[in-house]
Amino acid sequence: YPLGFARGDGGQHNVIVDIGWEGFNDTEGELLIGPDGQATPFLQEMIKFMDTFELEVQRTRVLCRRLVDLGLLKPVQIDVKLPDGSQLGAGGVMAVDEDKLKALPEATATELLRNGILGLLYAHMLSTTNVQRLTERLALRLGATAA
């Protein structure tokens, strides 16, 4: 930020800048356009980053579409109780249904293994076990803020 991509006519991406952002100015920081009117190395790196990010967004959409097609996602509600007794909750979260994953036909499981999706699914399932640790860290931070 303050740089972003906007899809233009014909599907190309255009770099956009939020010139209203308080950190955007013409006196300090990195130049975006050089004296020759060309993108500076800094801007070129930012464009490269945004290109990569956009590619990963598209790959994530394809992955999620495949998971939906296979019926592997289920809605979950995350409810945590903080040490002070207060509750935090998050709805609208989707998680991999491990039972459905285990029940996949062998050919489908092999496909997911070979294209790297299976590893991502197991990483996701492993990461969901960290909710309790994250809750404990949040409680510590909230306690420090209150103190």
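- Although no hydrogens or angles enter the test, the distance criterion places no donor-acceptor pair under 3.5 Å between the side chain of T108 and the main chain of L104.
- Between L73 and L67 the shortest side-chain heavy-atom distance falls below 4.5 Å.
- Of the possible polar contacts, none joining the D99 side chain to the K102 backbone as a donor-acceptor pair under 3.5 Å is found.
- No side-chain donor-acceptor contact under 3.5 Å links Q77 to the backbone of G89.
- Placement of V68 and V93 in two distinct hydrophobic clusters is found when ILVMFWY residues are connected by side-chain heavy-atom separations under 4.5 Å, directly or transitively.
- A salt bridge links E111 with R66; the closest basic N to acidic carboxylate O contact falls under 4.0 Å.
- If you chain together hydrophobic residues whose side chains sit under 4.5 Å apart, L70 and M125 fall into the same group.
- Here CG of N115 is found 6.0 Å from CG of L112. Values are rounded to the nearest 0.5 Å.
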- Query: Are T128 and V96 close enough, and set up right, to give a side-chain contact (heavy atoms from CB on, under 4.5 Å), and what steps lead you there?
  - Reply: CA-CA 10 Å; T128 61; V96 172; over 6 Å; no
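- Closest of all the heavy-atom pairs between F24 and I19 is CE2-CG2, 3.3 Å.
- Distance CE/M46 to OG1/T40: 9.5 Å, rounded to 0.5 Å.
- In terms of hydrophobic clustering, with Ile, Leu, Val, Met, Phe, Trp and Tyr side chains grouped at heavy-atom distances under 4.5 Å, Y122 and M94 are assigned to a common cluster.
- The backbone N or O of D51 lies less than 3.5 Å from no partner atom in the side chain of H13, so there is not a single donor-acceptor pair.
- Side chains of E54 and R59 form no contact here, defined as non-hydrogen atoms less than 4.5 Å apart.
- Side-chain atoms of L63 and I117, non-hydrogen and from C-beta on, do get closer than 4.5 Å to each other.
- At distances below 3.5 Å, not a single donor-acceptor pair connects side-chain atoms of N130 with backbone N or O atoms of R133.
- Grouping the Ile, Leu, Val, Met, Phe, Trp and Tyr side chains by contacts below 4.5 angstrom, directly or via other members, places L32 with V15.
- I16 and A6 make their closest contact through CG2-CB, 3.7 Å (heavy atoms, listed as atom of the first residue, atom of the second, distance).
- In the displayed structure, F42 atom CZ is contacted under 6.0 Å by more than 12 heavy atoms of other residues, nucleotides or ligands.
- Atom CZ in R61 sits 9.5 Å away from atom SG in C64 (nearest 0.5 Å).
- The distance from atom CG of D18 to atom OH of Y1, rounded to the nearest 0.5 Å, is 3.0 Å.
- Listed here is the closest heavy atom pair of N14 and G8: ND2-CA, 3.5 Å.
- Taken together through direct or relayed side-chain contacts under 4.5 Å among Ile, Leu, Val, Met, Phe, Trp and Tyr, M50 and V17 form part of one hydrophobic cluster.
- Residue-environment remark: CG (L55) exceeds the threshold of 12 foreign heavy atoms within 6.0 Å.
- Counting heavy atoms from C-beta on, the side chains of L31 and L43 never come closer than 4.5 Å.
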- Test log, rule salt bridge (charged side-chain N to carboxylate O under 4.0 Å, His left out), inputs K74 and E98: CA-CA 10 Å; K74 65 180 179 180; E98 188 172 2; over 6 Å; no
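- More than 12 heavy atoms of other residues, nucleotides or ligands shown are found within 6.0 angstrom of CD on Q58.
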